[in-house]
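Naming: A, B, ... by sequence-line order, numbering from 1 per chain. Note that these values count all heavy atoms, side chains included, but never hydrogens, waters or copies made by symmetry.
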2 protein chains.
Amino acid sequence: MENLPEHFDSLFSVDCVIFGFDEGELKILLIERNEAPFNGWFALPGYFVEPIEAIETAAQRILFESTGLKGIFMEQFYTFGALGRHPQGRVITVAYYAMIRLIGNKEVAPLPTAHFAKRAVWMSIKDMPELAFDHSRIFRKSFEKIKNKISYQPIAFELLPEKFTLTQLQQLYEVVLNKKLDKRNFRKKMLAYDILKELDEKQKGVSYRAAKLYKFDKRKYAKNFQKELSFTR
Amino acid sequence: MENLPEHFDSLFSVDCVIFGFDEGELKILLIERNEAPFNGWFALPGYFVEPIEAIETAAQRILFESTGLKGIFMEQFYTFGALGRHPQGRVITVAYYAMIRLIGNKEVAPLPTAHFAKRAVWMSIKDMPELAFDHSRIFRKSFEKIKNKISYQPIAFELLPEKFTLTQLQQLYEVVLNKKLDKRNFRKKMLAYDILKELDEKQKGVSYRAAKLYKFDKRKYAKNFQKELSFTR
DNA sequence: AATATAAGGTGTATTTTTTACACTAAGCAA
DNA sequence: TTGCTTAGTGTAAAAAATACACCTTATATT
């Protein structure tokens, strides 16, 4: 949410909660504002929707401006329209979450192009500061949603590299669900879903026994799933 | 979604999918338009959000104008903002679903106050015609959401009278999930959740053995539920 | 070459949950 | 009194979830 443009028919904006997973931590992309209001605060990437622009398109545009990436998994999750959520007038924000493959891609999050941003950072959700506007609330809602969603839809794979180990996958579930999972049970259950393809390839560059790599297999998933994933333990 | 007002800063509207349950059927409240565009078509109750009005407030207002009721269970579920969804210009709609206790209350749905509506009707979801604008799509999305939600949150009770029988409750689950459930298993599971209060009272006015009445017990629910309901069979 | 280190990988027994399934009881109406 | 209609109930089998510990493998260190 930013300063209001000079002319507008509609005070909509889109804000994006962009998740990444790296070093065993769930992170989100924040920008540091260098403009009033909330100068110096961290905020979610977001901007006004153009008068002739679908919301979905605006969300993709903001994601591209923040990360340089296109074709990213993205989902609308809630619309915030309380009075007083923006100090300069009534603004309605449609919020999206998105998921980026960060592992082996630390350079994602270039200097943001938006004029009101000093820099962009990947912030671990453990270290989240209070955010500008009502963005802390937006973040919390997004986190609830993905926590729920990861338990029955294969969104975890959007955060992992194409080839990943079962340990990486488990760590991701653990950090999202905020709960320790049993290694043997996790693997048994995940493999039983029969949605992964085991590769003839191993992890590289580790100083211990290398783990097998797996891919998410969309075709198997489509075949096997009228049922849903379910992860709690 | 209606004709555009003369002046506006923002083209937001709110549309409501208002569910009711009666005669073993799930119904939604539709209005029949008597104005272009879509003159004569059925549509969801909805209207523009005032420039100084929270979205939530607008939703409650529309619900009140459509039903005469206040304090109804209501939840925002999606925002529709494609270009071209409204023939007269770009309109963004925040959609809500709401749930009304219809059983023993057939008079809910007075003549709607909105000028563009000829009449309001409770339409069984089995008989749904194609709706004006993109309202069919909005309805389908709302139905997906409540289907999902009823499986793990106690929203069914919002559609039943305060005192209900287990058979009514089961019928409601069956019609929402679109799936026949086993009577013994349903009762066993529902009672095991320990969220109902069994009353010393029976159904009246039926020409067969009267069933016991139950109430949803919010206090028990709050106590017992960090876990969630789960109904599939 | 031997050893230490760190994560990878695996199976079984127990408990809990889900499922399938059919008859008697109660109340009203004719 | 009989017939009709829905209410109400239990058990056994199958499936899913849980708890739990040790050997293997690759690399790094001495």
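- Atom CG of B:L181 is separated from atom P of C:dA20 by 11 Å (rounded to the nearest Å).
- Protein atom NZ of A:K180 is 16 Å distant from nucleotide atom P of D:dT18, rounded to whole Å.
- For the residue pair A:T167/A:R187, the side-chain donor-acceptor check at 3.5 Å is satisfied.
- B:Q168 has its CD atom 13 Å from the C1' atom of D:dT6, to the nearest Å.
- Ring centers of B:Y173 and B:F186: under 6.0 Å apart, within the cut-off.
- Counting to the nearest Å, the P atom of D:dA19 and the CZ atom of A:F186 are 16 Å from each other.
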If a protein heavy atom is under 4.0 Å from the base, mark B; if only from the sugar-phosphate, S; if neither, -; do that for nucleotides 8-14 of chain C going 5' to 3'.
BBBBB--
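- Atom-to-atom, NZ of B:K189 to P of C:dA20 comes out at 12 Å; the value is rounded to the nearest Å.
- Rounded to a whole Å, the NZ atom of B:K179 is 13 Å from the C1' atom of C:dT19.
- The ring of A:F77 has its center no closer than 6.0 angstrom to the ring center of A:Y96.
- A side-chain donor-acceptor contact under 3.5 Å links B:E25 and B:S124.
- When the ring-ring contact (aromatic ring centres under 6.0 Å, His included) test is applied to B:F216, the partners found at least two apart in sequence or on another chain are B:F157, B:Y221.
- Remark: aromatic rings of A:F21 and A:F19 are distant, center separation not under 6.0 Å.
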